[in-house]
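Worksheet for the structure shown next.
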Amino acid sequence: MSPRPQAGFALLLKFFEVEARFPESAKEVPAAVVQYVAQQVKVPAEAWSDYDWQSKAIQRHRGEIRVAYGFRANTEEYQDRPAEWLATEQCPVELSRDRLAAAVVTRCRNAHIEPPAPGQVRRLVGKAVRDFENRFCRSTLETLDVAALQVGHRIDVRVSVGEPAQEVAEGAA
């Protein structure tokens, strides 16, 4: 193994050990970590910036690291599961998008599946929140009876045309 792939492998390994995912780019790994790991594997720190992110070597390194930690790659097939789980199980009880994102990462780690990249997690949370809100609105409308909807419609119409609040209250009674 040449020095450059050695540095790349070592940094991917340490990053995965801490984050349970791979960095999206070389810039995501702090310079101090790059310096320290490069010193440990006895290669120049600049070797990290030369690491080829599109090579077969990085694919092989990622595969070896996943195997070492007992993780599976996050496939497209798996992508819909966290969104559905969030929409049905987490969104009804959690409003914070940051905590929803953390829940996705934790669930993936516990299942030994490599979590999606942070940008993908944000998109996944956004989709789950939209799905939950749509389901919530639909189920709320379905539970309202026709009479309640008719009264609500009369109030909406009167308010929207600017009738005084007193008349709206009298009409709704």
Side-chain angles (χ1 to χ4, degrees), residues 11-31 33 53-54 58-173:
L11 283 159
L12 287 177
L13 180 69
K14 293 311 282 179
F15 192 93
F16 196 89
E17 182 181 329
V18 173
E19 298 288 330
R21 68 176 179 83
F22 295 107
E24 292 184 85
S25 71
K27 293 176 183 174
E28 193 173 353
V29 180
V33 173
W53 288 80
Q54 306 303 317
I58 193 171
Q59 292 172 5
R60 187 179 66 253
H61 292 164
R62 288 175 178 228
E64 291 171 3
I65 292 167
R66 281 188 206 101
V67 167
Y69 284 100
F71 272 68
R72 295 186 317 261
N74 191 334
T75 61
E76 284 185 37
E77 170 192 319
Y78 183 77
Q79 291 293 322
D80 291 337
R81 291 183 199 164
E84 180 62 25
W85 171 75
L86 278 175
T88 58
E89 302 291 327
Q90 296 300 302
C91 289
V93 296
E94 180 58 67
L95 299 176
S96 166
R97 288 179 182 238
D98 289 340
R99 286 193 291 267
L100 290 170
V104 168
V105 171
T106 299
R107 184 172 173 93
C108 288
R109 286 178 180 164
N110 290 342
H112 285 260
I113 296 171
E114 180 185 345
Q120 291 174 304
V121 170
R122 282 190 299 277
R123 286 188 295 277
L124 191 139
V125 167
K127 179 187 181 324
V129 168
R130 282 189 306 279
D131 290 351
F132 167 72
E133 289 172 348
N134 288 337
R135 288 178 191 164
F136 177 79
C137 290
R138 241 187 339 269
S139 70
T140 301
L141 285 173
E142 288 170 359
T143 59
L144 294 175
D145 66 13
V146 175
L149 288 173
Q150 289 172 343
V151 168
H153 177 68
R154 284 196 311 263
I155 292 171
D156 287 344
V157 169
R158 289 179 182 172
V159 170
S160 67
V161 295
E163 290 188 26
Q166 183 180 22
E167 290 179 32
V168 171
E170 290 170 4

**Prompt:** Which heavy atom in Ala73 sits nearest to a heavy atom in Ile113, and how many Å separate them?
**Reply:**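 Distance-wise, the nearest heavy atoms are O-CG2, 4.2 Å.
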**Smallest separation among heavy atoms of Ala128 and Ala83, with atom names** =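 Of all heavy-atom pairs spanning Ala128 and Ala83, the closest is CB-O, 3.5 Å.
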Tell me, please, which residues at least two apart from [X] pass side-chain hydrogen bond (donor to acceptor under 3.5 Å, both in side chains).
X	result
Arg107	none
Arg99	Glu94
Glu28	Arg21
Arg66	Glu114

Apply side-chain contact (heavy atoms from CB on, under 4.5 Å) to [X] and list each qualifying residue two or more places apart in sequence or on a separate chain.
X	value
Ala102	none
Phe136	Phe132, Thr140
Thr88	Glu84, Arg135
Glu89	Trp85

**Message:** Holding to ring pair (Phe, Tyr, Trp, His ring centres under 6.0 Å), I want the full list of residues that pass it with Phe15, two or more places apart in sequence or in another chain.
**Reply:**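 Expected list: none.
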**Request:** Using a 4.5 Å cut-off on heavy atoms from C-beta on, say whether the side chain of Phe22 contacts that of Ile65.
**Result:** yes
**Message:** Quick one, Leu86 and Asp131 - any side-chain contact, counting heavy atoms below 4.5 Å?
**Reply:**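 In short, these two side chains do not touch, never coming nearer than 4.5 Å.
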**Message:** According to salt bridge (charged side-chain N to carboxylate O under 4.0 Å, His left out), who are the partners of Arg130, at least two apart in sequence or on a separate chain?
**Reply:**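 By the salt bridge (charged side-chain N to carboxylate O under 4.0 Å, His left out) rule, Arg130 matches no residue at all.
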**Item:** For Glu17, salt bridge (charged side-chain N to carboxylate O under 4.0 Å, His left out) partners two or more places apart
**Value:**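 Salt bridge (charged side-chain N to carboxylate O under 4.0 Å, His left out) list for Glu17, sorted by chain: Lys14.
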Solution key, residues 115-126 side-chain donor-acceptor pairs under 3.5 Å, sequence neighbours excluded:
| unit_1 | atom_1 | unit_2 | atom_2 | d |
| --- | --- | --- | --- | --- |
| Gln120 | OE1 | Ala117 | N | 2.9 |
| Arg123 | NH1 | Gly119 | O | 3.4 |

Measure the spacing between [atom1] of [X] and [atom2] of [Y] and express it to the nearest 0.5 Å.
X	Y	atom1	atom2	value
Phe16	Leu11	CZ	CG	15.0 Å
Gln90	Ser96	CD	OG	11.5 Å
Arg62	Phe71	CZ	CZ	14.0 Å
Arg138	Asn134	CZ	CG	6.0 Å

